[in-house]
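No hydrogens, no waters, no symmetry mates; every other heavy atom, side chains included, goes into these values. We number each residue from 1, following the sequence as shown.
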Amino acid sequence: MSAQEPAPAPAALSEQEMQALDDFLMSDATGSEVMMLDQLDGFLTALACGPALPRQQDWMARVWGPDAADEPAFVSEGERARITGLLTRHLNAIVFNLEQELESFDPIFDLHEYEGDAHEYLDGENWAHGFMTGIALQRDRWQTFFDARHSPEVLRPIYLLG
């Protein structure tokens, strides 16, 4: 690859892989504090657009819950490697989209339907909560952003939603 060729896009998770990750997050292997898929997506997006990526063990521990005891009960090292790989690939795909293909960035929002209403409504609350959790993980590194004049205006919609 020459110096001018862009790096290849990381392989985004397929629908089947995304479903497998969602199934694992919702399984009995995880605790009640685990992030759901939409919250995880917001969390990883905050990490991707933040001032620096934290160490993998630091951000991944937060996916499972606020305490070290929240780590899932993986049935094997193979399952641990598969889920860790899915999480890492999803983060890498978000980083790539934000840096190289912003127009293809598509956050994962939950959909809600209400009885008697045929319309589906996007719900970004969990995504925004995940985003704010990602900021909180490295709040000190975000301080320069918080100190900037227009930062409150930029973050206000996400803060209110999450």
Side-chain angles (χ1 to χ4, degrees), residues 9-74 79-112 121-148 151-162:
L13 299 185
S14 68
E15 286 185 39
Q16 294 82 10
E17 290 171 319
M18 197 67 79
Q19 186 61 55
L21 180 57
D22 189 37
D23 289 346
F24 180 79
L25 294 172
M26 297 189 66
S27 75
D28 291 338
T30 61
S32 62
E33 298 295 321
V34 69
M35 291 184 181
M36 294 294 97
L37 193 60
D38 52 351
Q39 183 180 5
L40 171 69
D41 190 65
F43 176 73
L44 296 178
T45 301
L47 301 182
C49 67
L53 281 174
R55 297 177 314 158
Q56 182 182 34
Q57 62 264 32
D58 293 338
W59 67 260
M60 199 165 295
R62 186 57 192 94
V63 169
W64 312 128
D67 300 316
D70 293 319
E71 181 167 331
F74 294 104
E79 181 181 56
R80 178 189 300 275
R82 184 175 64 87
I83 297 301
T84 299
L86 293 175
L87 289 167
T88 303
R89 278 186 41 220
H90 189 51
L91 173 60
N92 290 339
I94 292 170
V95 168
F96 180 83
N97 283 341
L98 292 175
E99 290 178 352
Q100 304 293 325
E101 296 181 2
L102 188 56
E103 67 281 352
S104 68
F105 176 69
D106 190 19
I108 298 173
F109 293 148
D110 201 6
L111 291 174
H112 282 288
Y121 296 91
L122 288 175
D123 180 358
E125 182 178 359
N126 278 339
W127 186 94
H129 180 72
F131 192 93
M132 297 306 293
T133 302
I135 288 175
L137 185 68
Q138 304 186 90
R139 188 159 179 81
D140 56 328
R141 290 186 170 183
W142 281 79
Q143 195 57 51
T144 302
F145 173 77
F146 293 136
D147 293 341
S151 296
E153 295 169 35
V154 172
L155 265 185
R156 185 172 173 78
I158 295 173
Y159 176 76
L160 291 175
L161 193 55

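By the neighbour-count criterion of 12 heavy atoms within 6.0 Å, atom CG of Asp147 is densely surrounded, having more than that number from other residues, nucleotides or ligands. The environment of CD in Glu15 is sparse: at most 12 heavy-atom neighbours from other residues, nucleotides or ligands sit within 6.0 Å.
Under a 3.5 Å cut-off, the side chain of Thr88 and the backbone N or O of Gly85 do not form any donor-acceptor pair. In this structure a side-chain-to-backbone donor-acceptor pair under 3.5 Å is missing from Asp67 to Ala69.
Among all heavy-atom pairs drawn from Pro54 and Gln138, the shortest one is CD-NE2, 3.5 Å.
Side-chain contact between Met35 and Asn126 is absent, with no heavy atoms from C-beta onward closer than 4.5 Å. Trp64 has its side chain within reach of Val34: a pair of non-hydrogen atoms, C-beta onward, lies under 4.5 Å apart. Side-chain atoms of His90 and Ile94, non-hydrogen and from C-beta on, do get closer than 4.5 Å to each other. Between Leu86 and Ile83, the closest side-chain pair of non-hydrogen atoms falls below 4.5 Å. For the pair Phe146/Arg139, a side-chain contact is recorded, criterion being any heavy-atom separation below 4.5 Å from C-beta on. Looking at Asp41 and Leu37, their side chains never come closer than 4.5 Å, going by heavy atoms from C-beta outward. The closest side-chain heavy-atom distance from Leu40 to Leu21 is below 4.5 Å. No side-chain heavy atom of Leu87 sits under 4.5 Å from any side-chain heavy atom of Gln56.
Ring geometry, Trp127 versus Phe131: the interplanar angle falls under 30°, so the pair is classed parallel (tilted spans 30 to 60°).
Using modelled atom types and a 3.5 Å distance limit, the side chains of His129 and Asp38 yield no donor-acceptor pair.
Here the CD atom belonging to Glu79 is positioned 10.0 Å from the OG1 atom belonging to Thr84, to the nearest 0.5 angstrom. Note: Ile135 CD1 to Cys49 SG = 7.0 Å, rounded to the nearest 0.5 Å. For the atom pair Thr30 OG1 and Glu71 CD, the distance stands at 12.0 Å (nearest 0.5 Å). For the atom pair NE2 (His112) and CG (Asp123), the distance works out to 3.5 Å, reported to the nearest 0.5 Å. Here CG of Leu44 is found 9.0 Å from CD1 of Ile108. Values are rounded to the nearest 0.5 Å. To the nearest 0.5 Å, atoms CZ (Phe96) and OG (Ser104) are separated by 7.5 Å.
Aromatic pair Phe24/Phe74: ring centres closer than 6.0 Å.
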